[in-house]
Amino acid sequence: MRNKLIFRKAKISDAEDIKKLTDFYARRGIMLFRPIYEIYSDIRDYFVAERNKKIVGCCALHVLGKEYKPGNRGRILAETRSLVVAKKFQKRGMGTKLVEECIREAGRMGINKIFTLTLEENVSFFKRLGFRTIRKSGLPQKIWQECVNCSRFPSNCNETPLILEI
Ligand SMILES: CC(C)(COP(=O)(O)OP(=O)(O)OC[C@H]1O[C@@H](n2cnc3c(N)ncnc32)[C@H](O)[C@@H]1OP(=O)(O)O)[C@@H](O)C(=O)NCCC(=O)NCCS
């Protein structure tokens, strides 16, 4: 069948295609590089969009676990990350579908808070999906696990944090 588009969980054989898709934007400073070993070890995090047997989009739901911060009310935290749609397939709803798959999976797993860090140009995309902007200090786990290793940390960070409570 022509132009067959499916959204599914990633398989091991998708890892190198995920790497190529995400490296394209990592080279442009739009997302973090993920080494291939990390994509393999986190492969269960990823959803992919497959068009005519080719991977044209991906998004990962990465579980952080119980939220450790004052006032936590039993929140279990996860992050949507590595969201990419190949340039020529953008603006057709694929990115939305990939994030919706992550949100559905989070709901099934009992996760009740999803966050993302994104550039200003994508803020309206996430808001349309129900996310709202917060201050970076609202995400201490992300900051101490990953942001501290970023060359832009702390004062040159160009990303906006958003959360979705489900
Ligand atoms: C961010 C990204 C994944 C969005 O993917 P996408 O497939 O273009 O997303 P969608 O098509 O679902 O939505 C994008 C926009 O197109 C619009 N759109 C969706 N379907 C459409 C259609 N059929 N016709 C016209 N516009 C459409 C949406 O309303 C949305 O507008 P908004 O951003 O103002 O809310 C993509 O732009 C991308 O890969 N960017 C580079 C990497 C990146 O920045 N990743 C995010 C890191 S957190």
Side-chain angles (χ1 to χ4, degrees), residues 2-10 14-36 38-39 42-64 77-107 111 113-139 141-143 145-154 156-166:
R2 282 178 64 229
N3 297 340
K4 191 177 175 205
L5 177 65
I6 57 173
F7 295 87
R8 60 164 174 80
K9 289 293 288 185
D14 300 322
E16 290 187 2
D17 290 332
I18 291 171
K19 173 83 176 140
K20 274 188 216 139
L21 271 176
T22 51
D23 274 2
F24 179 84
Y25 286 103
R27 275 193 294 272
R28 287 156 180 80
I30 288 174
M31 57 178 44
L32 289 180
F33 275 104
R34 299 271 170 207
I36 189 72
E38 196 180 304
I39 296 175
D42 290 346
I43 196 74
R44 280 173 287 202
D45 286 358
Y46 288 86
F47 284 91
V48 292
E50 182 192 293
R51 188 178 182 271
N52 297 338
K53 302 198 169 159
K54 197 172 171 336
I55 302 305
V56 295
C58 62
C59 186
L61 178 78
H62 186 72
V63 179
L64 278 86
L77 195 61
E79 176 183 16
T80 58
R81 64 191 197 187
S82 302
L83 169 65
V84 177
V85 171
K87 210 153 187 66
K88 72 178 202 189
F89 298 110
Q90 290 177 7
K91 305 259 175 212
R92 301 177 184 196
M94 286 192 202
T96 300
K97 283 243 169 60
L98 285 163
V99 176
E100 284 172 348
E101 290 287 352
C102 290
I103 296 170
R104 265 195 292 278
E105 179 167 76
I111 288 158
K113 195 165 172 181
I114 304 176
F115 74 91
T116 196
L117 282 163
T118 196
L119 297 181
E120 183 58 37
E121 65 206 47
N122 296 321
V123 166
S124 66
F125 169 88
F126 281 102
K127 282 191 169 168
R128 203 167 34 74
L129 282 156
F131 285 74
R132 64 180 169 83
T133 52
I134 54 161
R135 284 203 297 265
K136 287 193 189 91
S137 56
L139 293 173
Q141 275 152 287
K142 172 72 179 176
I143 290 167
Q145 283 177 25
E146 286 203 279
C147 296
V148 285
N149 298 317
C150 176
S151 60
R152 291 181 182 274
F153 181 82
N156 289 324
C157 177
N158 57 354
E159 302 213 306
T160 303
L162 296 105
I163 59 155
L164 174 72
E165 297 191 53
I166 57 174

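Along the sequence shown, residues are numbered consecutively beginning with 1. Atoms within a ligand are numbered from 1 in the order they appear, just like the ligands themselves.
- With Thr80 contributing its side chain and Thr116 its backbone, the two residues share no donor-acceptor pair below 3.5 Å.
- Protein residues with any heavy atom under 4.0 Å from ligand 1: Tyr25, Ile30, Met31, Leu83, Val84, Val85, Gln90, Lys91, Arg92, Gly93, Met94, Gly95, Thr96, Leu117, Thr118, Asn122, Ser124, Phe125, Arg128.
- Tested against Leu162, the residues Thr133, Asn122, Leu129 include a single side-chain contact (heavy atoms from CB on, under 4.5 Å) partner, Thr133.
- Residues satisfying the side-chain contact (heavy atoms from CB on, under 4.5 Å) criterion with Glu165, sequence neighbours excluded, are Arg75, Lys113, Arg132, Ile163.
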Test salt bridge (Lys or Arg N to Asp or Glu O under 4.0 Å) on Arg34 and Asp45; report intermediate values, then the result. CA-CA 13 Å; Arg34 299 271 170 207; Asp45 286 358; over 6 Å; no

Let me check something: any side-chain donor-acceptor pairs from residues 83-94 under 3.5 Å, sequence neighbours excluded? List them with distances.
| from | atom 1 | to | atom 2 | distance (Å) |
| --- | --- | --- | --- | --- |
| Gln90 | NE2 | Tyr25 | OH | 2.9 |
| Gln90 | NE2 | Val85 | O | 2.8 |
| Arg92 | NH2 | Lys88 | O | 3.4 |

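- Annotation: side-chain contact (heavy atoms from CB on, under 4.5 Å) contacts of Ile36 (sequence neighbours excluded): Ala15, Glu16, Lys19, Tyr40.
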